[in-house]
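Residue numbers start from 1 in every chain, and the chains themselves are labelled A, B, ... in the order their sequence lines are given, proteins ahead of strands.
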Number of protein chains: 2
Amino acid sequence: MNELLNQTSIKINDKVFLKNPESSNLGRNIISESIFLINELGFEKFTFRKLSNKIGSTESSIYRYFENKHKVLLYLTSWYWCWLEYQLVFKTVNTKDPQEKLKTAIELLTQTAKQDSNYSYINESVLHKVVIAESSKLYHTQEVDSDNKDGLFLVYKRLVHRVSVMVLELNPNYEYSHMLISTVIEGAHQQKHFALHLPKLTDTQDGEKGITHFFTQVVFSSIS
Amino acid sequence: MNELLNQTSIKINDKVFLKNPESSNLGRNIISESIFLINELGFEKFTFRKLSNKIGSTESSIYRYFENKHKVLLYLTSWYWCWLEYQLVFKTVNTKDPQEKLKTAIELLTQTAKQDSNYSYINESVLHKVVIAESSKLYHTQEVDSDNKDGLFLVYKRLVHRVSVMVLELNPNYEYSHMLISTVIEGAHQQKHFALHLPKLTDTQDGEKGITHFFTQVVFSSIS
DNA sequence: CTTAATTAATAGCTTTACTATTATCTTTGC
DNA sequence: GCAAAGATAATAGTAAAGCTATTAATTAAG
């Protein structure tokens, strides 16, 4: 049942991996433990050797699933965005009022991910931390254009587009819907990171609620 | 004369370097060429060996100036923010109208840096590209807290604070002035990067002007 | 002009990132 | 039930990156 839900809802572009990690125990272990290890060490100090030690396997076995650690992080973030998109659709499908719908979307994009028991080998709240701390490194590389050509950012772009459509529902003349939504998503991550490490760059009177409130207010005042 | 201006206006925290690169020919060469090389290769593929080959020196000589390449990038971005702060003060000192002042600040923060002939060994427009593409990596590391303790982000925090004061001049009750300004600075960089590499995430009808227009509108509508 | 102090170059070491090859484990056809 | 074929994992490497101890050369002080 979990497996079924897994297969149907979360679909990752197969150019990210050499062999689908969902297809074997070792593969699922790679995904599961890489989340913890990247969170623990940071992406720079995360290596396949350390990961293989942790899961009792070898470096070259991991290389059979992923070309390099960059692709592992791409897999993890794609999974995260896909999962979030699924929740977005689920939470807004019954909402008629476009204003309410956009508000729900912004809350989802700016709040902390909750654990989801449907995917047993993925810890969503740790994954969320990894996405906040590391995901921007995925497109700040020399390979960004070829990765983009391969469709490795498709899920993310689709999510941004989906929310920007909600913006246009409210104001069809608004010129910067994509800019606004990608600013909200990336900005919310950044502000959470700043709150933890560089609090002078943010205003943390009321923590996470502040971030959601700030971005909600930014969006609605900008498009009206 | 250039040297004098150099010494007086741009002051870098001396914990960034082991030996001040301004103090010697080799040091200035390291700064000058590292800008081009990081821009060319990206930060990941930039190494001290490659840099030393380019400037006709050796790896270990560069290590006498900087602990590692991370500190070089910290030096470059600190220099950039310091230089921008200097321009901000210069451009707004005679502006009385707080609205006009903030508008000038946002333009400066969201537009492309122009070449400044006062600093002969630094190419500001290439440095700006480096800051856009690489600077976020500086605080997405395991060392962010200790770097912050050492004051390596002070210039940046001071710049954000300076502009957030302008926001508070216009609306003393606005709760998120720092969040707003750090979102603008980081967001403008991000959108420029997206426009080049992931255009689906932005709205590039009118290029750079669009970005300035978007963020100006976001700021003024949010604080009013 | 000799000695001390500073600075640069040489050579090497450890770790990372990756790969070619060998070994082992499953199938599955008969 | 078992051998051949195919798939999977472990071994053993290589090249480059990141860093350092040591030696050589240059500059400054007395």
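- Looking at B:E40 and B:K54, a side-chain N of the basic residue comes within less than 4.0 Å of a carboxylate O on the acidic one, giving a salt bridge.
- In 5' to 3' order, the nucleotides of DNA chain C bounding all contacts with chain B (an atom under 4.0 Å from a heavy atom) are C:dT7 to C:dG12.
- No side-chain heavy atom of B:W79 sits under 4.5 Å from any side-chain heavy atom of B:V155.
- Contact check for A:H178 versus B:K200: no side-chain heavy atoms found under the 4.5 Å cut-off.
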Filtered N/O pairs between nucleotides 10-16 of chain D and protein, under 3.5 Å:
from	atom 1	to	atom 2	distance (Å)
D:dA10	OP2	A:S57	OG	3.2
D:dA10	OP2	A:T58	OG1	3.3
D:dA10	OP2	A:S61	OG	2.8
D:dA10	N7	A:S60	OG	3.1
D:dT11	O4	A:S60	OG	3.1

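- Of the inter-residue distances, the one linking A:L201 atom CG with A:Q191 atom CD reads 8.0 Å to the nearest 0.5 angstrom.
- Partners of A:Y75 according to the ring-ring contact (aromatic ring centres under 6.0 Å, His included) rule, which considers only residues two or more places apart in sequence or in another chain, are A:F66.
- For A:F90, the ring-ring contact (aromatic ring centres under 6.0 Å, His included) criterion is met by no residue, not counting sequence neighbours.
- We find that OH of B:Y65 is positioned 19 Å from P of D:dC19, with the value rounded to whole Å.
- In this structure, B:L51 places its CG atom 13 Å from P of D:dA17, rounding to the nearest Å.
- Of the residues in residues 38-46 of chain A, not one comes within less than 4.0 Å of DNA chain C through any heavy atom.
- Across the protein-nucleic acid pair, A:N29 atom CG and D:dA9 atom P stand 11 Å apart, rounded to whole Å.
- To the nearest 0.5 Å, the span separating CD1 on A:I106 from CE on A:M166 amounts to 9.5 Å.
- When ring centroids are compared, B:F43 and A:H140 stay outside the 6.0 Å threshold.
- Under the ring-ring contact (aromatic ring centres under 6.0 Å, His included) criterion, A:H189 pairs with A:W81, A:H128, not counting sequence neighbours.
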